[in-house]
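Here the structure is a predicted model, which is why all the values come from computation and not from measurement. Reminder, nothing fancy here: chain letters follow the sequence lines and each chain counts from 1.
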There are 2 protein chains.
Amino acid sequence: MAEIAATLSIGQVAERTGLSVHALRFYEHEGLFVNPVRRGPGGRRFYSEDDVDWLTVCVILRASGLPLPALRRYTELVREGAGNEAERLALLREHRVHVTTQLDRLARCLDLITFKIGVYEDLLDRPPAERAGGSPGQPVVGDQGAG
Amino acid sequence: MAEIAATLSIGQVAERTGLSVHALRFYEHEGLFVNPVRRGPGGRRFYSEDDVDWLTVCVILRASGLPLPALRRYTELVREGAGNEAERLALLREHRVHVTTQLDRLARCLDLITFKIGVYEDLLDRPPAERAGGSPGQPVVGDQGAG
DNA sequence: CTAGGATCTAGAGTCGGCTCTAGGTCAACC
DNA sequence: GGTTGACCTAGAGCCGACTCTAGATCCTAG
C-alpha cells in the first residue's frame, strides 16, 4: 500500500476513465463527484485513485443508461455517508429493472435482425435460376417483397 | 384475404406502430417509406397494411439503435427492388454486430449493478450491532466506502 | 350552421450529454 | 525569451430524433 500517484492530472484521469477532460469538468460542475476535486498551484485539478474508481462506476452506470440526474442523486447519497443505504439500494434496483428491460428489448430486436439476415443469406445462396422459379409473388419476408 | 382496411389514417397508423403522428410525417420527410404515401381528398395521408408492416420493422431497427441515415439507406435499397440483396445483407450484418456489442456491454453493466445491489442487501440484512463490529475501515465496495 | 376533432404545412424548439471556443495562465524546454 | 502544451473559466454550439406551434383546412355530428 505505498503512496503512489495520489494526485493525477485531469489529462491522466481522462486517459484512465475514457472520459474527455471536458466531460470531467462538466461532471464536476454537475455535482458528480463524491468529494470536492482538489486544486493544485495555478488552480489545476488533482484527482486521487478513489476519484478514478468512482468515475469508473459512473462510466458503467452511464453506459447502462442511467441519466445524469439519477447519477447525481446517487452521488449525493454516497456523499451523505452511512444511513441512506436503503435509498441507494432502491435506486440501483430501479435502474437494474431498466437495464434488464433494455436487454430484453435488444434481444428481441436481435432475433428479428438475425431472422432477416438468414432470409437474405438463403436468398443469396440459391442460384438465380432457382430463385426465378420459387413461389412467385410470395414475399420472402414481410417488407413489401423482401425488405 | 379480404380487402379490409387497405387505407388507414395517420392517427390509426400512429396508434398501431407506437410512433406519433409527428414522427410519421417526419419519417416520410426523411425518406423512410418504401412507397410514396398516398393522399386522400384534402391532401390527407392514407396508409396500407404494408406500410404498417414496414414501419414495424423500422421501429425495431430504430429501437436497436440503427441511426436514421442507415435506416434511410436500407429503405432506398428495398425501394430499388431486387438486385441489391448483398448490400442489404451487409447493412444488416453490420448492425447486428452493433447490437450484440451493445448486449455484451449492457450485460457487463448489469453484473456490476447486481453486485452492488448484493452488497447493499447484505449490509441491510445485517443488524446494526453486527455492522459496527465488522472490519472497521475496510470499504465494503470500491466507491469511497460503499458507493 | 356551428363546433369539435383530425388533419395539413413549414419551420421553430426541446432535450440530454457532452463538445468546442475564446481568451487567458502557467511551467518547461530550446 | 519565445514557443509549446496542458490546463483554466464561462458560456456557446452541436447532434440526433423527434416534438411542438401556428395557422389553415376539412369532415362529421348535433
Please tabulate, for the side chains in residues 99-107 of chain A, all donor-acceptor contacts under 3.5 angstrom to protein atoms that are two or more places apart in sequence or on a different chain.
residue  : atom : partner : partner atom : Å
A/Thr100 : OG1  : A/Arg96 : O            : 3.1
A/Thr100 : OG1  : A/Val97 : O            : 2.9
A/Thr101 : OG1  : A/Val97 : O            : 2.7

Completion exercise
As a check of understanding: the bend across the helix from C/dC1-D/dG30 to C/dC30-D/dG1, end axes from five pairs, rounded to 10 degrees, works out to 10°
Under 3.5 Å, which N/O atoms of the protein pair with N/O atoms of nucleotides 4-9 of chain C?
residue : atom : partner : partner atom : Å
C/dA6   : N3   : B/Arg44 : NH2          : 3.0
C/dT7   : OP1  : B/Ser9  : OG           : 3.0
C/dT7   : OP1  : B/Gly11 : N            : 3.0
C/dC8   : OP1  : B/Arg45 : N            : 2.7
C/dC8   : OP1  : B/Arg45 : NH1          : 3.1
C/dC8   : OP2  : B/Arg25 : NH1          : 2.6
C/dC8   : OP2  : B/Arg45 : NH1          : 3.3
C/dC8   : O5'  : B/Arg45 : NH1          : 3.4
C/dT9   : OP1  : B/Arg39 : NH1          : 3.0
C/dT9   : OP1  : B/Arg39 : NH2          : 3.0
C/dT9   : OP2  : B/Arg45 : NH1          : 2.8
C/dT9   : OP2  : B/Arg45 : NH2          : 2.7

Pairwise N/O distances under 3.5 Å, protein to nucleotides 15-18 of chain C:
residue : atom : partner : partner atom : Å
C/dG17  : OP1  : A/Arg62 : NH1          : 3.3
C/dG17  : OP2  : A/Leu68 : N            : 3.2
C/dC18  : OP2  : A/Tyr27 : OH           : 2.9
C/dC18  : OP2  : A/Arg62 : NE           : 2.9
C/dC18  : OP2  : A/Arg62 : NH2          : 3.3

Test: [X] and [Y] ion pair at under 4.0 Å:
{"X": "A/Arg25", "Y": "A/Glu30", "answer": "no"}
{"X": "A/Glu80", "Y": "A/Arg88", "answer": "no"}
{"X": "B/Arg38", "Y": "B/Glu28", "answer": "no"}

Is there a donor-acceptor pair closer than 3.5 Å between any side-chain N or O of [X] and the backbone N or O of [Y]?
{"X": "A/Thr114", "Y": "A/Asp111", "result": "no"}
{"X": "B/Arg79", "Y": "B/Asn35", "result": "no"}
{"X": "A/Asp51", "Y": "A/Ser48", "result": "yes"}

Exercise for the section: Calculate the interatomic distance between B/Leu32 atom CG and D/dA17 atom P; express it in whole Å. Expected result: 10 Å
Completion exercise
Smallest heavy-atom separation, B/Leu68 atom then B/Leu32 atom, equals CD2-CD1, 3.8 Å
Problem - B/Val13: partners by side chain to side chain contact (heavy atoms under 4.5 Å, CB included), with sequence neighbours left out - result: B/Leu8, B/Thr17, B/Leu24, B/Tyr47, B/Val52, B/Leu55
Exercise for the section: Report the residues that fulfil side chain to side chain contact (heavy atoms under 4.5 Å, CB included) with A/Arg44, sequence neighbours left out, ordered by chain and then residue number. Expected result: A/Phe46
